[in-house]
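The structure appears right after this line, and notes come after that.
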Amino acid sequence: MDTQTAAAAGVRKVALMIRGVKIAMLTTTAPDGTLHSRPMATQEAEFDGALWFFTKSGSGKVDEILHDSEVNVSYAAPEDHRYVSVSGKAALVRDRDKIEELWSPAYRPWFAQGLDDPDLALLRVDVRKVAYWDMLAGGMVTMPTEEDSDR
């Protein structure tokens, strides 16, 4: 299997492994070098190599991402023995069409003005590396990504 085919298979596998996990932990790096993790609601968008999260554009995590865009997102579904660690580059996105596509009234407690909230934005994480726990292998397995197929 060539690297590009393996990467596409990896995207499908990640999509299956994170499906249904409602909360992920997003880890950013603070300007002083310390790591900062917080829970983020997983979007219902189909995983295609990018992860999407709603955020307030003025939040501390956005400031941290503007300083250092490398992030980690971890998913856990212990009942199914699914543990996934994703790393990549994050960016603030204010694309109104994408915001409307992903919006749900369930987000109103965090964004009182809904789609009209001036602080409403998205974080996009372009996935570069993926590792997951494989019980049969007895450890973490790293999957090829699109970045690997570019080499």
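Predicted model, so just to flag it, every value in this text is computed and none were measured.
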On a heavy-atom basis, which atom in Ala41 and which in Tyr107 lie closest, and how many Å separate them? CB-CE2, 4.2 Å
Between NZ of Lys129 and OG of Ser87, what distance do you get to the nearest 0.5 Å? 7.5 Å
Taking the side chain as every heavy atom from C-beta outward, state whether Thr34 and Thr29 have any pair of such atoms under 4.5 Å apart. no
What's the verdict on side-chain contact (heavy atoms from CB on, under 4.5 Å) for Glu101 and Asp97, showing C-alpha distance, side-chain angles and the deciding distance? CA-CA 6 Å; Glu101 173 191 331; Asp97 291 337; over 6 Å; no
Rounded to the nearest 0.5 Å, how far apart are CG of Leu122 and NZ of Lys98? 8.0 Å
Do Ser57 and Asp119 have side-chain atoms, one donor and one acceptor, less than 3.5 Å apart? yes
Residues at least two apart in sequence or cross-chain that pass side chain to side chain donor-acceptor pair (under 3.5 Å) with Arg124, listed by chain then number, are Asp126
ring-ring contact (aromatic ring centres under 6.0 Å, His included) against Phe47, all qualifying residues, sequence neighbours excluded: none
Test Val93 against Trp52 for side-chain contact (heavy atoms from CB on, under 4.5 Å), laying out the working first. CA-CA 9 Å; Val93 176; Trp52 295 91; 4.0 Å; yes
Could you tell me whether the side chain of Thr42 reaches within less than 4.5 Å of the side chain of Tyr75, counting heavy atoms only? yes
Looking at Ala121 and Arg94, what are the two nearest heavy atoms and their distance? CB-CG, 4.3 Å
Is the closest side-chain heavy-atom distance between Asp68 and Thr28 below 4.5 Å? no
Measure the shortest side-chain to side-chain distance between Ser59 and Glu64 over non-hydrogen atoms and say whether it is less than 4.5 angstrom. no
Test item: Leu120 and Ile99 side chains (from C-beta on) under 4.5 Å apart, heavy atoms: yes
Closest approach of Tyr83 and Ala76, non-hydrogen atoms and distance? CD2-CB, 3.9 Å
Give the cluster check for Ile18 versus Leu102: same hydrophobic cluster or not, with ILVMFWY residues linked at side-chain heavy-atom distances below 4.5 Å. no
Any non-hydrogen side-chain atom of Gln43 less than 4.5 Å from a side-chain atom of Phe54? yes
I'd like a table of donor-acceptor pairs (distance under 3.5 Å, sequence neighbours excluded) in which one partner is a side-chain atom from residues 19-27, with atom names and distances.
from	atom 1	to	atom 2	distance (Å)
Arg19	NH2	Glu46	OE1	3.3
Arg19	NH2	Glu46	OE2	3.3
Thr27	OG1	Ser37	OG	2.6

Ala112 and Asp117: which non-hydrogen atoms are nearest, and at how many Å? N-OD2, 3.7 Å
Any chain of hydrophobic side-chain contacts (each under 4.5 Å) joining Trp103 to Phe53? no
Face-on cation placement of Lys56 at Trp110 ring, 6.0 Å and 45° thresholds: no
Check whether any side-chain heavy atom of Ile65 sits under 4.5 Å from a side-chain heavy atom of Val71, and report yes or no. yes
Pair Asn72, Val86 - check side-chain contact (heavy atoms from CB on, under 4.5 Å), show working. CA-CA 6 Å; Asn72 181 270; Val86 176; 5.7 Å; no
Could you walk me through whether Val130 and Thr142 pass the side-chain contact (heavy atoms from CB on, under 4.5 Å) test, one step at a time? CA-CA 6 Å; Val130 177; Thr142 303; over 6 Å; no
Atom pair CG/CG of Leu51 and Leu123 - distance to nearest 0.5 Å: 10.5 Å
Taking every non-hydrogen atom, the tightest pair across Arg82 and Leu16: NH1-O, 3.6 Å
For the residue pair Gln113 and Arg108, establish whether any side-chain heavy-atom pair is separated by less than 4.5 Å. no
Thr55 side chain to Lys61 side chain, donor-acceptor N/O pair below 3.5 angstrom: yes
